Amino acid sequence: MKSTLLNTIAAAALTIGLTGCVNDLDISSIDPQTSTGATDMELLSKCYSTLGVTGQSGPAGNADLAGIEDEGESGFYRTTFNCQELMTDECAWAWQDNPDIAPFTNMTWNSNSVRTLWVYTRLTYNITLFNSYLSQVADNAENSQYRAEVRFLRALNYWYLLDLFGKSPFKTEFNITELPTEISGPDLYTWLDQELTEIEPLMAEAGSFCNSQNFGRADRGAAYMLHARLALNSAVYTKGAVRDYQKAIDYCDLLIGNSNYGLSRQAKNGYSGYQQLFMADNDENAEAMQEIILPIRQDGQRTRCHSGAMYVVNSMRAAGMPNLGTTNAWQCLFARRALVQKFFPTLSDFPISTEEAPAGSTEAQIMALDQQDGSSTAQIVAKARDNRALFYAGRGGGVRTLYPEAITAFTNGASIVKWDNHRSDGQPTHDQTEYPDVDIPLFRLAEAYLTRAEAKWRLSGNLSDAQADIDEIRNRAGADPLTITSEEDILDEWCREFYVEGRRRSDLVRFNRFTGSTYLWDWKGGVANGTSVDPHYNVFPIPYDELLNNGNLTQNEGYSTR
């Protein structure tokens with residue numbers, strides 16, 4: 001849909017003045033209903049753009065949300081990614097003096113956390129826009145599918161609030177006179193279940209948008225995947241009252257059995273099918289599009305921001321690394337030791353350079369030295385016997401260590417090169433500097449396989465019931481067969497398949513491994529080898545300012561109201 005959705009987003013950004021602050025699902029400074037000159041399709045495009053840009057004039061300068069000094073920190077994917085990844089066993093942020101990074105790294109955040117405020121504000125702002133669209137666009141046959149798509153986007157944002165905060169402020173109509181009420185986790189679960197059931201028949205057939213004309217729009221397959229994700233987490237969201245595992249299986253069956261979808265398997269120009277899912281031409285690659293059920297559209301010329309693909313590509317690279325794909329390497333996010341161990345259980349097997357590159361080394365010379373050391377990405381993948389082990393541990397950017405005495409630098413762990421702003425066909429990207437073309441796979445078919453595998457085990461209690469679907473995922477990755485003997489095997493496979501895709505916290509919570517001491521990883525709780533964390537950190541606090549602004553809201557257990 002690069003020729004339609006992206007162009008319409010650009011037009012909408014010029015015609016719709018939808019900026020402002022958000023308090024409790026209301027835009028405090030500008031009422032969207034006072035905006036003029038926007039068509040229904042531009043309003044629809046603005047709704048979709050909330051996933052991929054941060055304001056009206058990318059990459060920055062006219063932000064959706066006021067009061068955040070760095071507009072890039074306000075984006076949908078960056079805010080949700082940080083809340084799902086930075087404190088987990090997958091990655092860490094090098095610069096601990098950045099705002100609220102140390103509390104996130106160490107799992108010590110509180111009700112005044114700016115990062116929890118940012119994600120809360122982004123999600124509630126988005127929901128306000130969706131409610132505004134639904135109030136303005138006529139509910140008739142002509143608009144039925146478009147309205148269903150916006151209702152899906154609203155459900156998606158409500159799901160994030162449920163998952164991150166365990167409950168949510170709640171409104172389904174747009175007005176600026178009434179504060180939202182609070183909806184509990186179990187009640188929001190029920191509403192989401194019913195809402196998705198109602199809109200699914202109104203959406204385009206599953207797989208209808210897995211093509212270049214419509215890529216980026218939500219069809220029935222996106223709703224099915226969200227519904228399956230919701231059902232898999234049902235016991236978490238309802239505190240054990242509901243266990244909808246059969247429903248999760250049923251929705252996955254609708255996706256896996258659909259001929260419009262398939263796993264990206266075919267290697268191309270030295271890139272595995274898995275790698276191609278995260279490359280700059282994943283919106284033109286037929287196999288990649290078949291796996292990506294719903295992407296966040298990104299384009300180096302037309303959807304520039306510091307919050308989506310630019311965030312995951314640039315933050316995981318440092319100057320001096322070969323094949324950067326960007327001229328602006330932030331050197332921020334690196335792999336924790338526990339992530340490397342998912343592919344190399346014996347850490348001494350992980351190939352890593354131990355000597356600096358000589359001063360002034362060219363990229364070609366660094367690549368030759370990496371090859372000599374055995375620390376290039378291709379060599380790491382080969383030694384792991386798993387196409388998903390997309391790490392770099394060579395000399396480019398400095399010598400790395402897996403056992404840092406403190407988190408102080410980008411070289412405190414292996415580099416992750418899964419997100420890659422190169423094209424699998426070897427053609428140039430749209431922007432030759434710092435803005436990537438990589439579309440972000442928000443939902444992809446591999447999730448249906450792992451969801452079905454886990455749901456079958458949870459339903460029957462037999463680990464062997466998860467085996468066939470996990471075999472399918474590992475086969476695509478070129479990985480050796482793995483006999484499932486414990487629930488940790490299932491949890492580890494979630495990590496190997498989906499690391500740094502913005503979901504790890506949810507998986508750890510569902511397996512009761514996020515807090516407590518059952519599973520420790522490096523720097524969990526701020527201790528080098530990990531320590532127990534109190535269970536109230538399984539959800540984030542309702543931001544203190546929101547409690548002041550809306551007396552209908554209550555704080556989550558374990559967090560202060562001041």
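Nothing here was measured: the structure is a model prediction, and the numbers come from that model. These numbers come from the heavy atoms of this one structure, side chains and all, not from hydrogens, waters or symmetry mates.
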Can you tell me if CD on Gln432 sees more than 12 non-hydrogen neighbours from other groups inside 6.0 Å? yes
Arg503 and Glu497 ion-paired at < 4.0 Å: no
Gln136 side chain reached by Leu43 side chain, heavy atoms, under 4.5 Å: yes
Using a strict 4.0 Å threshold on nitrogen-to-oxygen distance, state whether Lys418 and Glu501 make a salt bridge. yes
Look at atom CG of Asn512 and say whether more than 12 heavy atoms of other residues, nucleotides or ligands are closer to it than 6.0 Å. no
I want to check something: taking the side chain as every heavy atom from C-beta on, are Trp521 and Leu339 in contact at a cut-off of under 4.5 Å? no
Nearest heavy-atom approach of Ala318 to Gln331 is CB-OE1, 3.5 Å
Counting C-beta onward and ignoring hydrogens, is there a side-chain heavy-atom pair between Ile127 and Tyr160 closer than 4.5 Å? no
Checking Arg115 against Phe540: charged group under 6.0 Å from the ring centre and within 45 degrees of the axis? no
If you count the non-hydrogen atoms of other residues, nucleotides and ligands that lie under 6.0 Å from CZ in Phe165, is the total more than 12? yes
Closest approach of Leu86 to Ile101 (non-hydrogen atoms, all atoms of both residues): CD1-CD1, 3.9 Å
Non-hydrogen side-chain atoms of Val119 and Thr80 separated by less than 4.5 Å: yes
Would a 4.5 Å heavy-atom cut-off, applied to side chains only, mark Tyr559 and Tyr537 as touching? yes
Between Asp437 and Arg423, does any NZ, NE, NH1 or NH2 come within less than 4.0 Å of an OD or OE carboxylate oxygen? no
salt_bridge(Asp64, Lys46) N-O dist < 4.0 Å: yes
Geometric class of the Phe391/Tyr499 ring pair [parallel <30°, tilted 30-60°, perpendicular >60°]: parallel
